[in-house]
Number of protein chains: 2
Amino acid sequence: MDDERLSRVFAALADPTRRELVARLAVGDATVGELAEPFDMSLQAVSKHLKVLGDAGLVSQRRDAQRRPCHLESEVFDLASKWLERYRLQAEGRYQRLDRVLAELVDQTDAAPRSAARNQGAQAS
Amino acid sequence: MDDERLSRVFAALADPTRRELVARLAVGDATVGELAEPFDMSLQAVSKHLKVLGDAGLVSQRRDAQRRPCHLESEVFDLASKWLERYRLQAEGRYQRLDRVLAELVDQTDAAPRSAARNQGAQAS
DNA sequence: GGCATTGTCAACCATCTGGTTGTCAACTGC
DNA sequence: GCAGTTGACAACCAGATGGTTGACAATGCC
């Protein structure tokens with residue numbers, strides 16, 4: 001089931017147009033029209049791309065009158081990031097540090113965005 | 001051009017069969033036949049999957065008589081991993097730490113696998 | 001109510017993808 | 001040299017993907 005989600009995330013990110021949409025949304029939320037504007041492509045096409053990103057869980061949409069502001073979701077990024085990180089390290093033959101690095105990823109994910117001083121003590125849980 | 005490479009890497013990883021091949025290769029090099037064995041699929045199909053992984057730069061093949069042992073390459077993992085990590089953090093609204101984390105990824109990539117004590121001092125550059 | 005704005009849904013089309021089978025090339029070993 | 005092993009390449013096929021256009025639903029504004 002994670003497998004299915006991974007497939008959708010990677011497939012969604014395999015398209016350059018969709019990666020540009022992600023990059024734009026990383027700056028801040030935007031409506032479909034705003035997102036479509038820079039592209040030489042119909043609004044419908046962009047809407048379809050957003051649906052793919054949405055199905056992958058990378059993007060969510062609110063409802064604001066006629067508008068549907070899009071928002072980047074971080075959760076599935078974690079999933080893909082961890083998968084990649086695991087095999088990146090193994091490909092380097094340095095999987096001995098895997099546990100520590102994955103723990104750090106989790107730490108970065110779970111910790112509230114309060115201080116930047118979470119690096120030296122770091123709760124072990 | 002990095003865009004093209006990213007597209008190929010993500011597209012390659014979007015298929016569950018190919019992710020399993022990567023997982024298997026992370027354990028160690030293997031021939032096409034060895035890789036195909038666990039799959040309910042023709043050798044040619046697996047060979048095609050390996051070609052996709054090869055075109056993406058994720059896997060390389062040596063030549064050993066009739067065999068072509070496959071090897072996992074780490075370089076493009078870096079590329080994809082950094083892309084993901086950047087937007088993962090931005091999606092979390094914590095891009096203020098982006099520079100530090102990307103530097104850390106580079107550190108993990110470049111540093112020889114010698115010590116595990118690279119974490120508390122952490123160069124600021 | 002009626003019109004403009006914003007975006008989705010449906011149908012259609014060309015191309016890509018993931019599998020198949022068949023053939024062939026490269027190499028080993030008898 | 002001939003047979004067996006390992007694997008790639010080509011042709012083919014069904015289904016997915018990425019784009020188009022046209023219709024329409026939902027909402028705000030006059």
Side-chain angles (χ1 to χ4, degrees), chain A residues 3-25 28-73 80, chain B residues 3-25 28-73 80:
Chain A
D3 217 44
E4 174 63 26
R5 293 176 71 204
L6 270 178
S7 291
R8 276 203 292 255
V9 173
F10 283 133
L13 296 179
D15 185 279
T17 300
R18 288 195 289 262
R19 283 199 305 279
E20 278 194 57
L21 290 172
V22 167
R24 167 63 187 82
L25 285 172
D29 295 4
T31 67
V32 179
E34 286 165 355
L35 289 169
E37 198 269 349
F39 291 99
D40 185 21
M41 179 187 311
S42 69
L43 184 83
Q44 289 93 321
V46 172
S47 181
K48 276 170 87 171
H49 280 303
L50 285 169
K51 181 160 181 1
V52 174
L53 289 168
D55 289 345
L58 289 161
V59 163
S60 62
Q61 288 190 322
R62 291 204 328 279
R63 172 109 215 187
D64 172 24
Q66 315 97 310
R67 319 238 167 65
R68 284 149 188 85
C70 300
H71 175 77
L72 208 55
E73 295 290 335
Chain B
D3 216 44
E4 175 62 25
R5 294 176 71 201
L6 270 177
S7 291
R8 277 202 292 256
V9 173
F10 283 133
L13 297 179
D15 185 278
T17 300
R18 288 194 290 261
R19 283 198 306 278
E20 277 194 58
L21 290 172
V22 167
R24 167 62 187 83
L25 285 173
D29 295 3
T31 67
V32 179
E34 286 165 356
L35 289 168
E37 198 270 350
F39 292 99
D40 185 21
M41 178 186 310
S42 68
L43 184 84
Q44 289 92 326
V46 173
S47 181
K48 275 170 86 171
H49 279 304
L50 285 169
K51 180 161 181 359
V52 174
L53 289 168
D55 289 345
L58 289 160
V59 164
S60 62
Q61 287 190 323
R62 289 203 330 278
R63 175 108 214 191
D64 171 25
Q66 316 96 311
R67 316 235 170 66
R68 283 147 189 88
C70 300
H71 175 78
L72 208 54
E73 295 291 335

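From a predicted model like this one, the values you see are computed outputs, not experimental measurements. Chain identifiers are assigned alphabetically (A, B, ...) following the order of the sequence lines, protein sequences preceding nucleic acid strands; residue numbering begins at 1 within each chain.
Annotation: salt bridge (Lys or Arg N to Asp or Glu O under 4.0 Å) contacts of B/Lys51 (sequence neighbours excluded): B/Asp55. Residues forming a salt bridge (Lys or Arg N to Asp or Glu O under 4.0 Å) with A/Arg24 (at least two apart in sequence, or on another chain): none. By the side-chain hydrogen bond (donor to acceptor under 3.5 Å, both in side chains) test, A/Ser60 pairs with A/Glu73, sequence neighbours left out. Applying the salt bridge (Lys or Arg N to Asp or Glu O under 4.0 Å) rule to A/Arg5 yields the partners A/Asp2, A/Glu75; only residues at least two apart in sequence or on another chain are considered. B/Val52 pairs by the side-chain contact (heavy atoms from CB on, under 4.5 Å) definition with B/Ala12, B/Arg18, not counting sequence neighbours. Legend: residues meeting salt bridge (Lys or Arg N to Asp or Glu O under 4.0 Å) with A/Asp29, ordered by chain and number and at least two apart, are A/Arg62.
In terms of position on DNA chain D, the residue among A/Arg18 and A/Asp64 whose nearest nucleotide sits closer to the 5' end is A/Arg18.
Using a distance-only test at 3.5 Å, with no hydrogens or angles considered, a donor-acceptor pair links the side chain of B/Ser7 to the main chain of A/Ala14.
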For residues 30-41 of chain B, please give each side-chain donor-acceptor pair under 3.5 Å, one per line with the distance, not counting sequence neighbours.
unit_1, atom_1, unit_2, atom_2, d
B/Thr31, OG1, B/Glu34, N, 3.2
B/Glu34, OE1, B/Thr31, N, 2.9

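When DNA chain C is scanned 5' to 3' for any atom under 4.0 Å from a heavy atom of chain B, the first and last hits are C/dG18 to C/dT28.
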- Using a cut-off of 4.0 Å between protein heavy atoms and nucleotide atoms, how would you tag nucleotides 4-11 of chain D 5' to 3' with B, S and -? BBSBBB--

